[in-house]
Amino acid sequence: MAARAFSTVQLVNGSTGDPVLYLDYPGGDNALLFDGGDNGSLTAAQLGDLEAVFLTHHHVDHFIGLDRIVRANMDRDKVLHLFGPVNTIRKVYDRITAYEYPFFPFQKIVVRVTELLPGATRTATLECTKKFPEPVVEEAAWAGPVCYENADLRVEAVAADHTVPCLAFALAEKSGYHPDPQKLAAGGLRPGAWVPEVLKRLRAGDPPNSRIEINGGSFALETLAANYFTESAGARVAYVTDTLWSDAVRPDLVRLAKGAWRLYCDSFYASAQAKQALQYKHMIAPHAAELAKLAKVEQLVLIHFATRYAGKYQQLIDEAAAVFPRVTAEVG
């Protein structure tokens with residue numbers, strides 16, 4: 001099992017509410033959010049820590065939380081990256097400009113929106129300091145699947161098969177040094193700006209005995225590496241929701257989830273509702289399990305249960321477990 005660098009992985013509304021997955025890393029404004037549904041249980045500070053948001057599609061239960069995301073970041077001097085399927089630029093721009101802003105000088109948020117299309121990306125930059133003028137869209141070739149990348153990780157995207165344009169995503173941490181959440185929690189230094197600084201020096205190959213000043217103290221790089229960081233191949237997290245388990249997308253979804261530490265997967269219906277699943281293009285629980293089995297993931301978490309199963313969620317878990325035993329759901 002690969003060591004995982006993220007300090008927080010939170011299925012915000014459990015398996016029964018709007019699918020929203022929040023991941024955070026210690027020491028910086030670098031949280032990631034998969035889907036923009038109801039995020040009322042996340043604090044403004046958590047949302048203000050976001051580096052990038054990945055929208056699967058624009059149905060209300062995956063998009064209604066955009067306003068809180070924008071509001072939490074409006075007073076920040078940062079670039080917030082936002083990815084989604086076709087028409088994301090127009091929909092995000094219309095939502096942002098539906099409000100009046102005082103445009104104070106400290107409001108410097110830049111929202112960089114990218115649409116992921118077959119073979120191409122379309123990107124627009126929405127700038128608060130310019131009072132959000134009509135976006136200029138730039139198109140570029142895109143071979144996929146990587147849509148976003150920084151020094152620590154990459155995010156991959158493939159098309160899903162839903163009633164509207166829809167995407168599935170996976171986060172893949174890069175191999176090398178990573179902050180170790182357990183060591184950071186147990187150590188004497190609180191996570192802060194020193195974490196990315198130490199990480200930068202470790203990856204640059206600085207001498208082990210070089211010193212770093214933290215909160216008035218001086219620490220050897222090798223000591224910080226041993227006490228707060230881990231070398232690993234990194235972990236993979238896949239997020240698949242609102243899709244039919246069809247021939248059109250099955251190979252890409254398996255590749256996306258391949259070897260994941262955890263697969264969060266749509267399980268909207270039980271087998272008895274296979275006809276509805278086909279009509280509304282959702283997975284049934286055994287299909288989610290089949291994806292997990294083919295992709296050889298470590299753990300499957302079922303998400304997006306239909307409300308018709310309230311009080312009977314175990315039925316969905318049991319159906320998946322018959323195909324893939326390492327399955328769970330958050331229904332408490």
Side-chain angles (χ1 to χ4, degrees), residues 21 23 30-36 50-59 62-63 66 69-70 78-97 109-127 130 132-176 203 234 236-260 263 281 291 295:
L21 182 65
L23 295 99
N30 52 7
L32 305 176
L33 191 70
F34 292 88
D35 258 338
L50 286 173
E51 177 179 314
V53 179
F54 303 89
L55 301 173
T56 58
H57 60 299
H58 305 126
H59 278 158
H62 299 259
F63 197 49
L66 180 68
I69 294 169
V70 172
K78 66 187 287 186
V79 176
L80 176 65
H81 299 272
L82 198 153
F83 297 83
V86 63
N87 294 327
T88 296
I89 293 171
R90 174 51 54 184
K91 290 179 182 296
V92 170
Y93 179 73
D94 287 348
R95 290 278 293 276
I96 289 178
T97 56
I109 182 66
V110 174
V111 184
R112 188 165 176 81
V113 188
T114 300
E115 297 177 358
L116 304 174
L117 314 174
T121 61
R122 300 176 75 246
T123 301
T125 301
L126 313 181
E127 299 184 59
K130 295 182 179 179
F132 298 122
E134 184 74 19
V136 176
V137 179
E138 299 177 354
E139 187 165 322
W142 180 59
V146 176
C147 63
Y148 183 70
E149 187 170 12
N150 62 25
D152 304 306
L153 56 87
R154 65 182 181 273
V155 175
E156 302 171 9
V158 300
D161 185 1
H162 196 37
T163 54
V164 296
C166 186
L167 301 167
F169 296 100
L171 174 155
E173 296 176 339
K174 296 181 179 179
S175 61
R203 290 173 176 171
R236 189 177 189 88
V237 177
Y239 179 82
V240 178
T241 187
D242 290 61
T243 184
L244 190 65
W245 183 232
S246 66
D247 292 341
V249 297
R250 187 179 291 112
D252 284 342
L253 292 180
V254 172
R255 281 192 290 268
L256 185 77
K258 198 73 173 179
L263 164 63
K281 294 197 171 185
L291 170 56

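FYI, side chains are in, hydrogens and waters are out, and symmetry mates aren't considered; it's all heavy atoms of this structure.
Between the side chain of E115 and the main chain of N87, a donor-acceptor pair closer than 3.5 Å is present. Formation of a donor-acceptor pair under 3.5 Å by the R203 side chain with backbone atoms of A151 is found in this model. Although no hydrogens or angles enter the test, the distance criterion places no donor-acceptor pair under 3.5 Å between the side chain of D35 and the main chain of L21.
Salt-bridge check for D247 with R250: passed, with a basic side-chain N closer than 4.0 Å to an acidic carboxylate O.
Taken to the nearest 0.5 Å, the CZ atom of F83 stands 9.0 Å off from the OG1 atom of T121. To the nearest 0.5 angstrom, L50 atom CG is 10.0 Å from N30 atom CG. Here the CH2 atom belonging to W142 is positioned 4.5 Å from the CG atom belonging to L116, to the nearest 0.5 angstrom. Interatomic distance, CZ of R95 versus CZ of F63, reported as 5.0 Å (0.5 Å rounding). Within the model, atoms CD1 of I96 and NZ of K91 stand 14.0 Å from one another, a figure rounded to the nearest 0.5 Å.
I69 has its side chain out of reach of L82: every pair of non-hydrogen atoms, C-beta onward, lies at least 4.5 Å apart. Taking 4.5 Å as the limit, some side-chain heavy atom of D252 sits within range of a side-chain heavy atom of R255. Side-chain contact between R112 and T123 is present, with at least one heavy-atom pair separated by less than 4.5 Å. When side chains are defined from C-beta on, V137 does not count as touching E139, because their heavy atoms never get closer than 4.5 Å. Residues L66 and L55 fail the side-chain proximity criterion, which asks for heavy atoms closer than 4.5 Å. Side chains of L167 and F54 form no contact here, defined as non-hydrogen atoms less than 4.5 Å apart.
Among residues two or more places apart in sequence or in another chain, the salt bridge (Lys or Arg N to Asp or Glu O under 4.0 Å) test is passed with E156 by R154, R236. Residues satisfying the salt bridge (Lys or Arg N to Asp or Glu O under 4.0 Å) criterion with E138, sequence neighbours excluded, are absent altogether. Applying the side-chain contact (heavy atoms from CB on, under 4.5 Å) test to D161 and every residue at least two apart in sequence or in another chain returns T243, L244, S246, V249, K281. K174 is linked by a salt bridge (Lys or Arg N to Asp or Glu O under 4.0 Å) to E149, counting only residues two or more places apart in sequence or in another chain. With sequence neighbours excluded, no residue satisfies side-chain hydrogen bond (donor to acceptor under 3.5 Å, both in side chains) with Y93. Scanning for ring-ring contact (aromatic ring centres under 6.0 Å, His included) contacts around H162 gives H57, H59, H282, with sequence neighbours left out.
For Y239 and F169, the ring centers sit 6.0 Å or farther from each other.
Considering all non-hydrogen atoms of both residues, A52 and L80 come closest at N-CD1, 4.2 Å.
T88 and H58 share a donor-acceptor pair across their side chains, judged by distance under 3.5 Å alone.
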